[in-house]
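Notes for the one structure printed next.
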Amino acid sequence: MAYWPHWLVVVVVAPLVGAVLAPVVGRGRPKVVALWALAAMGVTSLAALNLIVRVAEDGPFSYDMGGWEPPVGIELRFDEFGASVGIICLLGMLALLFSYRYAEHTLPTERVPYYYSLMLLNLTGLIGFVVTGDLFNLFVFMEILSLSGYALVAVSGERIAEMAAFKYLVMGAVSSLLVLFSIGVLYSVTGSLNMADVAARLGDWGARSPAMLALAGLSLGFMVKAAIFPVHIWLPDAHAIAPSPVSAILSGLVVKVGVLGMLRVYQIFYAAETLDLTGLNTLLVWLGAISIVMGAFFAIFQEDVKMMLAYSTISNVGYIMMGLGLASSYGLIGATVHVFNHALIKATLFLSAGAMIYRTGYRTLHDLRGVGKAMPITTIALSIGAISIVGIPPTAGFLCKWYIALGAFQADQPFFGVALVFGALFIFVYYIRMVNAFYFQPATHPEIAEVSEAPLSMLVPVIILATLCLVMGILGRIPLSFIEPAVTRMLAPLGG
Amino acid sequence: MIEALWNNLDYAASVVLFLIGLYAVIAKNNLVKKFMGLNIMETAVFAFIVALGVVEGGDAPIHGPDAHPPFTNPLPQALILTGIVVAVSTTALALSLIIRIHRQCGTIEADELREME
């Protein structure tokens, strides 16, 4: 075996080691621990880059942990969907860099190492979730990232932070249990936990009712994680209260766990060909459409900037779920690429909003009026993010939404293409409100004009992300054509 | 129907436990009780998965001169060991959150907390 599949272990283990050692390394030295965390993510990113180049050249590959071959051993698998490890590493690096000043400012010194430890654990969970090929492993990584996520929400110490975290924890734990229960059911039917193996055996045995039960449990569990309407109620508080770098990770990546989980489940059940998934697809499309409109509708009435962004996440996950449910190649490509692009855009928005809150201490639109003159670069970055998320060309948001709309027409459901455009109009309204408040309205607090631009460690991540939002819009063909073989492979059993 | 339930009594029992737990999570007002409901749900899922591996008259699957098949399936038990670790950490985190909520708001009743927001 060549040496490079070992990188697949490195991407999971490097951040884990970093997380465990962070409290030891950083005892009383908050600056050192930030660098330590960055170094751990640096190693991970290098490994991830190597893997992505490999998968683009040679296609998917897998690694047998401890030399035990699947289905007995635990398999790590890297395919085109696994390339989301790249975006996880990128956002992880930038959020950690952003935290350098932010954590120091908002947290007591003795807590800072634990904050970095939780961040790295969360990223470990995310990466592991994406690369594992084993169902139970999937559950374990999901729990790692969920538990660290609950704790990270409570970290900010704001008045209702613990309540938000508790609400998130209860809903998250129930959904995790549903997933575990369904994994148990799948194991009882197939006697295997390896995903590819489960798919093959399900196909052979065609046990319809247990498979249906498992599918229902998995879908419901992952829908809660993805915060699809009507199980979205935990999201706005949790994402708005968390510290801004954490919000960027939670909103950009952690909710995508639900989406990527659905993708995994779909890969199993499409390959097994025992069940007709049309009903579930219709449900997903409808819930996606409702989420788009509801998320946008509630966002319009928010005053708090981060609350607005949190509701906008619900809309955008709605777009992704809709693309997934359309089950046409354009829709699916659009949905998977939107997983990447929305992560970029939402991180831009949350981090630039976080920089504003850091400098001014205000967080409502009313109080933040006129901030555009005081912090020009941050506000421009936020505006680029806003334009992207509405989906105005030539930004990153446009291409995926265009593809999802094309997918709706391809699947002969033009109504949803129209619903999508309608939702985008709603979203346009509240982002315009935001940009308007920052640039064109007289300042509520005169001292806001005295505020200086964000520090360099915050400005750099924000600028990089905003630039990427534009670049991904212009070079959008690259991720689209990168993901295409995976989507074709997944939809092959449908004959499309 | 009754026959099928009787034959799969272990599965039926864990489903009932799961639903009792879910009821407590949704309907109880006290945060600690809500969380106990969650613990009941966890136990139900664990019991279900362990029951999957049971073999009639099966022995513990330990190699040695006295080992006689049939053996019970050890894999579900190993899985649930991991599951219990996860459940313990969830419990610890939730209880510490409840303590901090009590410190800040002076109550852990969900309706009173909602009024405070």
Side-chain angles (χ1 to χ4, degrees), chain A residues 71-72 118 121 125 134-137 139-155 157-193 209-210 213 217 221 237 241, chain B residues 8 11 14-15 18 21-22 24-26 28 31-32 34-35 37-54 73 75-76 78-83 85-105 107-108 110 113-114 116-117:
Chain A
V72 177
L118 284 172
L121 267 183
D134 182 275
L135 275 173
F136 190 73
N137 231 298
F139 166 76
V140 172
F141 282 122
M142 191 172 80
E143 284 303 282
I144 291 178
L145 77 94
S146 306
L147 280 172
S148 51
Y150 312 144
L152 279 170
V153 169
V155 137
E158 289 198 35
R159 212 173 64 79
I160 60 163
E162 282 86 8
M163 263 317 279
F166 190 79
K167 210 190 314 177
Y168 183 19
L169 184 144
V170 168
M171 293 205 61
V174 171
S175 73
S176 299
L177 282 175
L178 277 172
V179 171
L180 181 61
F181 174 74
S182 315
I183 292 172
V185 172
L186 280 180
Y187 177 72
S188 75
V189 182
T190 61
S192 175
L193 286 168
S209 4
L213 183 65
D237 281 346
I241 295 297
Chain B
N8 296 309
Y11 299 162
S14 42
V15 169
F18 190 89
L22 189 61
V25 170
I26 294 169
K28 289 293 173 192
L31 296 189
V32 177
K34 261 186 202 292
F35 199 74
L38 204 63
N39 274 336
I40 295 174
M41 287 173 80
E42 276 162 357
T43 313
V45 175
F46 296 163
F48 169 73
I49 295 182
V50 169
L52 292 177
V54 174
N73 184 352
L75 186 67
L79 297 187
I80 290 318
L81 211 55
T82 316
V85 173
V86 171
V88 168
S89 14
T90 317
T91 310
L93 180 61
L95 290 179
S96 57
L97 282 177
I98 292 174
I99 290 173
R100 280 183 63 173
I101 291 172
H102 188 260
R103 243 182 234 156
Q104 288 206 330
C105 309
T107 174
I108 51 169
L113 285 167
R114 217 166 293 133
M116 287 178 132
E117 273 179 27

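Hydrogens, waters and symmetry mates are skipped; everything else that's a heavy atom, side chains included, is used. Each chain gets a letter, A, B and so on, in the order the sequences are listed, and its residues count up from 1.
The contact between B/L97 and chain A is made by backbone and side chain atoms together, counting heavy-atom distances below 4.5 Å. Contact of A/F136 with chain B is made through the side chain alone, with heavy-atom distances under 4.5 Å. The contact between B/V86 and chain A is made by backbone and side chain atoms together, counting heavy-atom distances below 4.5 Å. Heavy-atom distances place no part of A/I144 under 4.5 Å from chain B, backbone and side chain included. Using a 4.5 Å cut-off between heavy atoms, A/V170 contacts chain B through both its backbone and its side chain. Looking at B/Y11, neither its backbone nor its side chain comes within 4.5 Å of chain A, counting heavy atoms on both sides. Heavy atoms closer than 4.5 Å to chain A are found in the side chain of B/L22, but not in its backbone. Interface remark: B/Q104 contributes side-chain atoms only to the contact with chain A (heavy atom separation under 4.5 Å).
In this structure, CG in B/L79 is found 8.0 Å from CG in A/L180, a value given to the nearest 0.5 Å. Here B/M41 contributes atom CE and A/F181 contributes atom CZ; the two are 10.5 Å apart, rounded to the nearest 0.5 Å. The CG atom of B/L38 sits 11.5 Å away from atom CE of A/M171, with the distance rounded to the nearest 0.5 Å. To the nearest 0.5 Å, atom CG of residue A/L169 and atom OG1 of residue B/T90 are 6.5 Å apart. Here the straight-line distance linking atom CD of A/E162 with atom SG of B/C105 works out to 7.5 Å at 0.5 Å rounding. Between the CZ atom in A/F166 and the CD1 atom in B/I101 there is a gap of 6.0 Å [rounded to 0.5 Å].
Shown here for A/S188 and B/L52, the closest heavy-atom pair between the two residues is CB-CD2, 3.3 Å.
At a threshold of 4.5 Å between non-hydrogen side-chain atoms, the residues B/N73 and A/Y187 count as touching.
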